[in-house]
Amino acid sequence: QLQASGGGLVQAGDSLRLSCAASRGTISSYAVGWFRQAPGKEREFVATISWRGGTTNYADSVKGRFTISRDNAKNTVYLQMNSLKSEDTAVYYCVAGGNMATPAEPRYAYWGQGTLVTVSS
């Protein structure tokens, strides 16, 4: 079971770091990613990292601002979000599955409950 945390209310330009940890089992053998869903919009891919951490993949909208990383010893994946914009406001979902850093949602079998990020302008 995945637990996403770190969301909150920030101002535009601020930073936040989201964390994704497994409450049971391990995510160290899976690719882990983040998807988000803004109010009234479809869910979209944000970022993903391969199981060993050697490959990452980002949505164009967050490239250069967000960084995904993982610490397999801590069984945790992080999403560092800098220069936040109002359009980053969404519920962010942590996902795990397979071992490749793909943006394809069906590849991820395990989903966390989501953490809300609100960016005020």
Side-chain angles (χ1 to χ4, degrees):
Q1 191 169 2
L2 302 179
Q3 300 280 352
S5 61
L9 172 63
V10 297
Q11 293 187 334
D14 284 352
S15 298
L16 272 179
R17 188 176 77 161
L18 305 184
S19 298
C20 174
S23 57
R24 285 179 292 182
T26 179
I27 57 173
S28 61
S29 59
Y30 295 109
V32 177
W34 293 90
F35 286 75
R36 68 185 182 186
Q37 188 166 21
K41 295 187 177 181
E42 292 189 356
R43 191 161 56 203
E44 63 176 1
F45 166 74
V46 177
T48 183
I49 187 166
S50 59
W51 72 286
R52 286 186 172 180
T55 303
T56 57
N57 199 335
Y58 296 93
D60 288 342
S61 59
V62 305
K63 278 182 183 175
R65 299 189 298 122
F66 291 12
T67 302
I68 190 169
S69 62
R70 65 190 305 157
D71 185 339
N72 284 344
K74 295 183 178 180
N75 209 25
T76 303
V77 170
Y78 305 99
L79 184 67
Q80 178 67 43
M81 306 186 295
N82 297 331
S83 303
L84 283 161
K85 305 175 181 180
S86 57
E87 50 262 46
D88 295 318
T89 295
V91 176
Y92 284 71
Y93 296 92
C94 169
V95 301
N99 53 34
M100 296 178 64
T102 173
E105 187 174 314
R107 291 296 188 97
Y108 297 98
Y110 305 102
W111 287 70
Q113 84 288 0
T115 185
L116 177 62
V117 173
T118 303
V119 184
S120 63
S121 57

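Only this structure's heavy atoms are used, side chains among them; waters, hydrogens and symmetry mates stay out.
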Does S83 offer a backbone N or O that forms a donor-acceptor pair with the side chain of R65 under 3.5 Å?
yes
When you measure from the side chain of T55 to the backbone of A101, do you find a donor-acceptor pair of N or O atoms at a distance under 3.5 Å?
no
Correct closest heavy-atom pair for Y92 and D88 would be OH-O, 2.6 Å
Other residues, nucleotides, ligands: >12 heavy atoms within 6.0 Å of Y30 OH:
no
Heavy-atom nearest pair, C94 first then L2, reads O-CD1, 3.6 Å
Classify the ring geometry between F45 and F35 as parallel (under 30°), tilted (30 to 60°) or perpendicular (over 60°).
perpendicular
What distance do R43 atom CZ and R36 atom CZ have between them, rounded to the nearest 0.5 Å?
13.5 Å
Straight-line distance of R17 CZ to S5 OG, nearest 0.5 Å:
9.0 Å
How far does CG of N75 sit from OG of S28, to the nearest 0.5 angstrom?
5.5 Å
Distance (rounded to the nearest 0.5 Å) between W51 CH2 and M100 CE
13.0 Å
Which is it for Y78 and T67 under the side-chain contact (heavy atoms from CB on, under 4.5 Å) test, yes or no, and what are the steps along the way?
CA-CA 8 Å; Y78 305 99; T67 302; over 6 Å; no
Over all heavy atoms of both residues, which pair between L116 and A90 is shortest? Give the atoms and the distance, please.
CD1-O, 3.6 Å
When you measure from the side chain of R70 to the backbone of I27, do you find a donor-acceptor pair of N or O atoms at a distance under 3.5 Å?
yes
One pair to check against side-chain hydrogen bond (donor to acceptor under 3.5 Å, both in side chains): T48 and N57. What are the steps and the verdict?
CA-CA 5 Å; T48 183; N57 199 335; over 6 Å; no
Within this structure, what is the NZ-OG distance for the pair K85 and S121, rounded to the nearest 0.5 Å?
13.0 Å
Look at the side chain of Y58 and the backbone N and O of I68, then say whether any donor-acceptor pair between them is shorter than 3.5 Å.
yes
Quickly, which of T115, N82, V117, V119 forms a side chain to side chain contact (heavy atoms under 4.5 Å, CB included) with L16? Name it, please.
V117
Ignoring hydrogens and angles, tell me if any N or O in the side chain of Y108 forms a donor-acceptor pair with the backbone of T102 under 3.5 Å.
yes
Please check: side-chain N/O of Q3 versus main-chain N/O of G112, any donor-acceptor pairing under 3.5 Å?
no
For the atom pair CZ (F66) and CG (L84), what is the distance rounded to the nearest 0.5 Å?
5.0 Å
